[in-house]
There are 2 protein chains.
Amino acid sequence: MAKSLQPHSSSGVENSVARSCSACSMRQICLPTGLNELETRLLDQIIVRKKIARDSYLYRIGDPFTSLYAVRVGHFKTYQENLAGDRQINGFQMSGELLGMDAISSARHQCDAVALDDSEVCVIPYPQLESLFTEMPMLMRHFHRVMSEEIMGEQNVIMILGNMYAEQRFAAFLINLSRRYALRGYSPTRFQLRMTREDIGNYLGLTMESVSRMIAKMRKEGIIEVRQRDVEVLNLSALNRIAAGIDSSSLHASVEMPSVVTEYNYLSPQLTHLQRLGILK
Amino acid sequence: MAKSLQPHSSSGVENSVARSCSACSMRQICLPTGLNELETRLLDQIIVRKKIARDSYLYRIGDPFTSLYAVRVGHFKTYQENLAGDRQINGFQMSGELLGMDAISSARHQCDAVALDDSEVCVIPYPQLESLFTEMPMLMRHFHRVMSEEIMGEQNVIMILGNMYAEQRFAAFLINLSRRYALRGYSPTRFQLRMTREDIGNYLGLTMESVSRMIAKMRKEGIIEVRQRDVEVLNLSALNRIAAGIDSSSLHASVEMPSVVTEYNYLSPQLTHLQRLGILK
DNA sequence: CGTTACGTTGAACGTATTCAATTTGCGTGG
DNA sequence: CCACGCAAATTGAATACGTTCAACGTAACG
């Protein structure tokens with residue numbers, strides 16, 4: 001194998017392991033979950049990394065499908081486009097999440113995937129991945145779980161879009177982000193929005209203006225604090241109540257009170273009631 | 001193997017093959033697609049059939065996940081439920097389609113699945129199915145395509161719910177049904193709605209009343225004829241234009257005119273532009 | 001033939017959108 | 001360092017789309 005093309009290699013002994021799945025902080029969330037050392041190494045051998053600059057495409061609608069992509073660093077959005085040129089954002093992806101699974105059946109990508117930050121992905125050639133499945137049932141099983149999670153996640157979006165008011169939608173959106181950051185070891189209450197208000201609105205089936213109004217409302221009620229794209233969740237249970245649609249807005253949301261809604265456990269691998277109900281991913 | 005438990009067996013030589021995938025009219029659409037005779041037989045061995053009466057559950061939210069289900073006869077709806085008890089229908093399933101894939105990751109069903117007709121399903125024990133994948137790469141690959149199609153289908157719903165007006169939504173709904181019936185050898189222009197207006201509205205993020213009004217509007221414009229649940233599509237290209245959002249309603253929709261929208265091919269296994277755009281499944 | 005579930009239609013209402021004006025933040029150049 | 005220009009975000013007022021509420025129809029079934 002050729003030496004690293006990266007400048008500033010810390011030493012000459014830097015080898016493939018140093019940049020392998022085993023050394024990746026996302027290995028408990030990403031594809032190698034549950035694999036042993038040897039298996040991880042086998043998976044490593046088919047993966048290469050790739051940097052994607054902010055606002056540039058990872059892939060585009062119609063591109064031939066060759067690989068899945070795991071986000072290593074950064075964030076992405078994926079969207080469809082209709083004949084009139086309107087876009088619908090399907091989701092925002094962060095580290096450890098897989099992109100491109102919707103392209104398997106048609107062999108062409110069905111979405112555009114755009115980096116929201118300067119990002120880095122692991123390129124996973126799909127035919128080789130499928131070949132590995134035969135030798136590595138654990139990998140296959142986990143892959144199926146990942147696809148199933150993707151389906152669940154989209155069902156949650158369907159619930160949001162089909163059944164919720166603007167305020168509920170935005171609350172559900174924040175809760176979802178909160179939980180995903182918590183899973184990655186980040187704060188569930190303080191994080192940055194990586195996307196514009198317009199992107200959020202598009203994703204939630206609202207306009208940018210409506211999103212802005214929901215933010216203003218929740219700020220006024222002391223549920224969140226937002227400066228630019230920095231979000232602080234001040235009252236998560238109020239957010240949960242709003243998303244669940246059991247918050248009569250006559251109640252003072254800032255008053256913490258025993259609630260019917262079970263507080264969810266940010267780190268539990270088990271699904272909570274709220275997740276099951278589509279409020280969380 | 002025991003003799004058939006069914007009454008009225010036409011003869012004593014009726015064996016397992018007579019009720020196998022090889023003999024099933026859905027084999028080109030369902031799981032055994034692409035398998036050879038031997039492989040199909042292996043798949044058969046893990047499958048049993050089950051009848052589900054109209055309005056009864058195939059599975060319920062929270063049920064332990066043991067099997068996937070392929071619809072053999074009849075129709076189903078699947079829906080999620082939120083804390084307030086509101087339901088959101090995720091989809092309607094017809095013959096040859098697979099149910100339960102959203103349960104793989106959590107090992108519990110995430111939806112209720114209810115039969116809209118007296119129906120029959122093939123019960124596919126999931127652990128055994130996964131075991132087969134190791135020996136039958138074709139089966140595995142097709143399964144991945146099926147899951148990927150499920151993801152695509154849900155992305156289409158997201159597009160409908162996030163981006164379309166009531167009229168577009170209903171048009172997209174009809175087009176989707178039309179195409180799926182066509183794939184099964186039925187008429188793309190005459191079919192029965194198996195669900196109530198309320199179910200349609202729920203699925204499309206509308207009320208029953210709105211659906212009713214859209215039907216009335218399209219009838220008045222000569223695009224469809226509807227009597228009870230019998231639908232006849234009189235002007236499919238108008239329907240396509242409406243769904244695509246390129247139909248200025250000032251134009252007389254009943255006048256057939258050259259359109260930017262490519263007429264889609266009902267039977268092509270290839271994805272058309274419209275499908276890709278989320279208007280079709 | 002009444003009962004019930006499902007569907008249609010009309011009118012008033014409400015939520016989110018549209019359109020427009022302003023504000024804020026940030027990068028660039030004078 | 002401030003001025004400028006641009007993109008993103010906020011806010012307000014008018015409008016529109018679909019909902020809600022209510023009354024009426026229609027078909028299936030005992």
Side-chain angles (χ1 to χ4, degrees), chain A residues 54-55 77 84 86-89 114 116-117 160-174 192-221 224-231 242 245 247-250, chain B residues 54-55 77 84 86-89 114 116-118 160-173 192-221 224-231 242 245 247-250:
Chain A
R54 176 176 168 162
D55 289 331
K77 64 176 171 185
D86 305 321
R87 295 168 173 181
Q88 171 65 42
I89 295 177
V114 177
L116 298 172
D117 298 327
I160 287 172
L161 294 174
N163 240 323
M164 292 189 187
Y165 291 112
E167 195 183 6
Q168 296 178 274
R169 295 185 194 199
F170 186 66
F173 171 73
L174 289 180
Q192 282 198 348
L193 303 173
R194 309 323 247 260
M195 65 298 284
T196 65
R197 302 285 194 266
E198 186 156 26
D199 281 346
I200 298 172
N202 180 304
Y203 174 63
L204 295 177
L206 303 168
T207 58
M208 177 184 66
E209 292 93 329
S210 292
V211 172
S212 193
R213 282 184 245 271
M214 292 308 116
I215 291 175
K217 184 162 189 275
M218 290 186 183
R219 279 187 56 177
K220 222 172 291 174
E221 291 169 346
I224 58 175
E225 188 47 73
V226 180
R227 248 193 309 274
Q228 301 295 113
R229 299 193 178 177
D230 292 314
V231 176
I242 290 171
D247 188 77
S248 66
S249 55
S250 58
Chain B
R54 176 175 169 164
D55 289 331
K77 65 177 171 184
D86 305 322
R87 295 168 172 180
Q88 172 64 43
I89 295 177
V114 176
L116 297 171
D117 298 326
D118 285 341
I160 287 172
L161 293 175
N163 241 323
M164 293 189 185
Y165 291 112
E167 195 183 6
Q168 295 179 274
R169 295 184 193 200
F170 186 66
F173 171 72
Q192 280 198 349
L193 303 174
R194 307 324 246 264
M195 66 298 285
T196 65
R197 302 287 195 265
E198 186 157 26
D199 281 345
I200 297 173
N202 181 304
Y203 174 64
L204 296 176
L206 303 168
T207 57
M208 176 184 69
E209 290 94 330
S210 292
V211 171
S212 192
R213 282 183 245 271
M214 292 307 116
I215 291 174
K217 184 163 189 274
M218 290 186 184
R219 280 187 55 178
K220 223 173 289 174
E221 290 169 346
I224 58 175
E225 188 47 73
V226 180
R227 247 194 310 275
Q228 303 292 116
R229 298 191 179 179
D230 292 314
V231 176
I242 291 171
D247 188 77
S248 65
S249 56
S250 58

Answer yes or no: is there a side-chain heavy-atom contact under 4.5 Å between A/Ile160 and A/Phe173? no
Is there a donor and acceptor pair, one atom on the side chain of A/Arg213 and one on the base of D/dG12, closer than 3.5 Å? yes
In whole Å, what is the span from the CG atom of B/Leu161 to the P atom of D/dG18? 13 Å
Please state how far atom CG in A/Leu193 lies from atom P in D/dA8, giving the value in whole angstrom units. 15 Å
Any side-chain to backbone donor/acceptor pair from A/Arg219 onto A/Val226? Under 3.5 Å, distance only. yes
I want to confirm an ordering. Mapping A/Met208 and B/Thr207 to their closest nucleotides on DNA chain D, which one lands closer to the 5' end? A/Met208
With A/Asp117 as partner, the option from A/Arg229, A/Arg54, A/Arg194 fulfilling salt bridge (charged side-chain N to carboxylate O under 4.0 Å, His left out) is A/Arg194
Distance, rounded to the nearest Å, where A/Ile215 contributes CD1 and C/dA16 contributes P: 15 Å
Compare the minimum distances between each of C/dA16, C/dA20, C/dT8 and the side chain of A/Leu206, then state the nucleotide with the smallest one. C/dA16
Using whole Å, report how far CG of B/Leu204 lies from C1' of D/dT19. 15 Å
B/Gly205 near the nucleic acid: base, sugar-phosphate alone, or nothing, with a heavy-atom cut-off under 4.0 Å? sugar-phosphate
Send over the distance from A/Arg197 CZ to D/dT11 C1', rounded to a whole Å. 14 Å
Short side-chain N/O contact from A/Arg229 to OP1 or OP2 of C/dG25, under 4.0 Å: no
When rounded to whole Å, the CZ to C1' distance for the pair B/Arg54 and D/dA28 reads 11 Å
Whole angstrom value for the distance that separates P of D/dC24 from CD of B/Glu209: 16 Å
Distance-minimising heavy-atom pair for A/Met218 and A/Glu167: CE-O, 3.6 Å
N/O donor-acceptor pair, side chain A/Gln228 with base C/dC26, under 3.5 angstrom: no
Examine the base of C/dG25 for any acceptor or donor lying under 3.5 Å from a partner atom in the side chain of A/Arg227, and report the outcome as yes or no. no
Calculate, to the nearest 0.5 Å, the distance between atoms CZ and CG belonging to B/Arg213 and B/Leu206 respectively. 11.0 Å
Whole angstrom value for the distance that separates P of C/dG7 from CG of B/Asn202: 13 Å
So what does B/Thr196 hit on the nucleic acid, given a heavy-atom distance under 4.0 Å: a base, only sugar-phosphate, or nothing? sugar-phosphate
Closest-nucleotide 5' rank along DNA chain D - winner of A/Glu198 and A/Tyr165: A/Glu198
Would you kindly check whether a donor in the side chain of B/Glu167 faces an acceptor in the base of D/dC17, or vice versa, at under 3.5 angstrom? no
